[in-house]
S.K.: 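Let me give you the structure first, and then I'll get to my questions.
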Protein chains: 2
Amino acid sequence: MLPFMNITKALADESRIRILMALHQSGELCVCHLIDLLELAPSTVSKHLFLLKNARLVVARKDGRWVHYRLNDRKSAPQTVVDALAWVARSITDDSVVEADRQRLDHLLTAPLKAGCGS
Amino acid sequence: MLPFMNITKALADESRIRILMALHQSGELCVCHLIDLLELAPSTVSKHLFLLKNARLVVARKDGRWVHYRLNDRKSAPQTVVDALAWVARSITDDSVVEADRQRLDHLLTAPLKAGCGS
DNA sequence: CTCATATTTCGCCATTTAACGAATTATAGG
DNA sequence: CCTATAATTCGTTAAATGGCGAAATATGAG
């Protein structure tokens with residue numbers, strides 16, 4: 001029950017859903033991009049990512065100073081996590097907030113500044 | 001986004017998950033049975049049911065003094081709700097809390113007392 | 001009508017949680 | 001080594017949430 005509740009609680013926040021959808025679109029993002037996208041304090045974003053990682057919805061990859069996050073994949077994620085991610089992606093197909101994030105993220109990723117983290 | 005967040009927030013509480021699983025097993029239950037099952041105050045259970053109903057995860061049927069709740073079905077529920085309920089049921093197959101509830105509920109339903117609410 | 005029962009609504013309190021800033025850790029570059 | 005930057009951890013605060021009891025609502029029974 002506890003692993004499952006960790007997932008439902010992780011999904012019960014709009015910022016974390018936006019993070020999941022951004023990762024769903026972009027595949028992998030470093031924390032600095034998520035900070036720019038959500039316009040929240042680094043410590044706040046870091047905590048959100050901790051909760052998502054704790055629920056096994058995302059995994060982290062450290063690369064020098066940067067940490068890149070991506071959705072957990074079908075190989076290493078429990079079935080419940082795979083199903084949860086599929087459910088979220090399927091449910092949020094045409095939301096205005098997520099659509100705005102998508103466009104904003106495209107700009108952020110193509111901007112020449114902040115390109116240090118590999119994108 | 002708001003309807004979706006209503007669903008995720010509704011799922012982010014153990015008592016509400018136990019309610020959903022009890023309904024999944026029994027098909028339909030009146031509030032008084034859920035009060036006995038969860039051992040929470042009537043006002044607390046009522047609030048949980050309001051949130052579940054508000055998220056469209058359950059529907060209510062009034063029958064005299066009693067109100068019976070059941071999971072929203074494939075006909076009237078949005079696809080996201082149908083998928084959410086399927087995900088929950090699939091994820092909580094062998095949990096000890098839910099299993100204890102199942103046995104407890106069998107006793108409650110077969111007990112001669114409290115039979116007023118029809119089931 | 002009056003009373004009892006089932007449920008909901010409301011107001012309150014305790015706990016949890018999201019947010020921030022400051023301090024800490026880790027790493028790359030000079 | 002020293003500095004700058006990315007990210008996390010920690011402590012605090014404000015808001016949201018779960019719990020209860022009291023009061024209100026609704027309905028059936030006498």
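Each chain gets a letter, A, B and so on, in the order the sequences are listed, and its residues count up from 1. We use all heavy atoms of the structure for the numbers below, so side chains are in, but hydrogens, waters and symmetry mates are not.
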S.K.: Between the side-chain atoms of B:Thr44 and the base atoms of D:dG18, is any donor-acceptor pair under 3.5 Å?
M.R.: no
S.K.: From the set D:dC10, C:dT27, D:dA7, return the single nucleotide nearest to any side-chain atom of A:Ser43.
M.R.: D:dC10
S.K.: Among C:dT9, D:dT17, C:dA6, which is the nearest nucleotide to the side chain of B:Arg65?
M.R.: C:dA6
S.K.: Tell me which of A:Asp63 and A:Asp13 sits closer to the 5' end of DNA chain C, going by the nucleotide each one is nearest to.
M.R.: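 Comparing both residues, the 5'-ward one is A:Asp13.
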S.K.: For C:dA6, take OP1 and OP2 only and decide whether either is under 4.0 Å from a side-chain N or O of B:Tyr69.
M.R.: no
S.K.: Distance check: side-chain N/O of A:Lys47 vs OP1/OP2 of D:dC10, anything under 4.0 Å?
M.R.: no
S.K.: Just do the side chain to side chain donor-acceptor pair (under 3.5 Å) check on B:Asn72 and B:Ser76 with the steps written out, would you?
M.R.: CA-CA 7 Å; B:Asn72 203 349; B:Ser76 63; 2.6 Å; yes
S.K.: Give the rounded distance in Å between these two atoms: CZ of B:Arg61 and C1' of C:dA6.
M.R.: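 So the two atoms are 15 Å apart, to the nearest Å.
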S.K.: With sugar-phosphate meaning primed atoms plus P, OP1 and OP2, does B:Ile35 contact a base, only sugar-phosphate, or nothing at under 4.0 Å between heavy atoms?
M.R.: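 It contacts nothing in the nucleic acid.
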S.K.: Indicate whether OP1 or OP2 belonging to D:dG19 is found under 4.0 Å from a side-chain N or O atom of B:Ser15.
M.R.: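 Answer is yes, contact under 4.0 Å.
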S.K.: Between A:Arg16 and A:Gly64, name the one whose nearest nucleotide on DNA chain C is closer to the 5' end.
M.R.: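 Its nucleotide being nearer the 5' end, the pick is A:Arg16.
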S.K.: Calculate the interatomic distance between A:Leu49 atom CG and D:dA6 atom P; express it in whole Å.
M.R.: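 Going from CG in A:Leu49 over to P in D:dA6 covers 16 Å.
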S.K.: For B:Arg61, I'd like to know if atom CZ has over 12 heavy atoms of other residues, nucleotides or ligands within 6.0 Å.
M.R.: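 More than 12 heavy atoms, drawn from other residues, nucleotides or ligands, come within 6.0 Å of this atom.
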S.K.: Should B:His48 be listed as having a side-chain N or O under 4.0 Å from OP1 or OP2 of D:dG19?
M.R.: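 Affirmative; the distance criterion is met.
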S.K.: Begin from the C-alpha positions of A:Leu52 and A:Tyr69 and carry the test side chain to side chain contact (heavy atoms under 4.5 Å, CB included) through to its verdict.
M.R.: CA-CA 10 Å; A:Leu52 290 170; A:Tyr69 283 85; over 6 Å; no
S.K.: Between A:Leu109 and A:Ser26, which heavy-atom pair has the shortest distance, and what is it?
M.R.: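 Smallest heavy-atom distance, with atoms named: CD1-OG, 3.9 Å.
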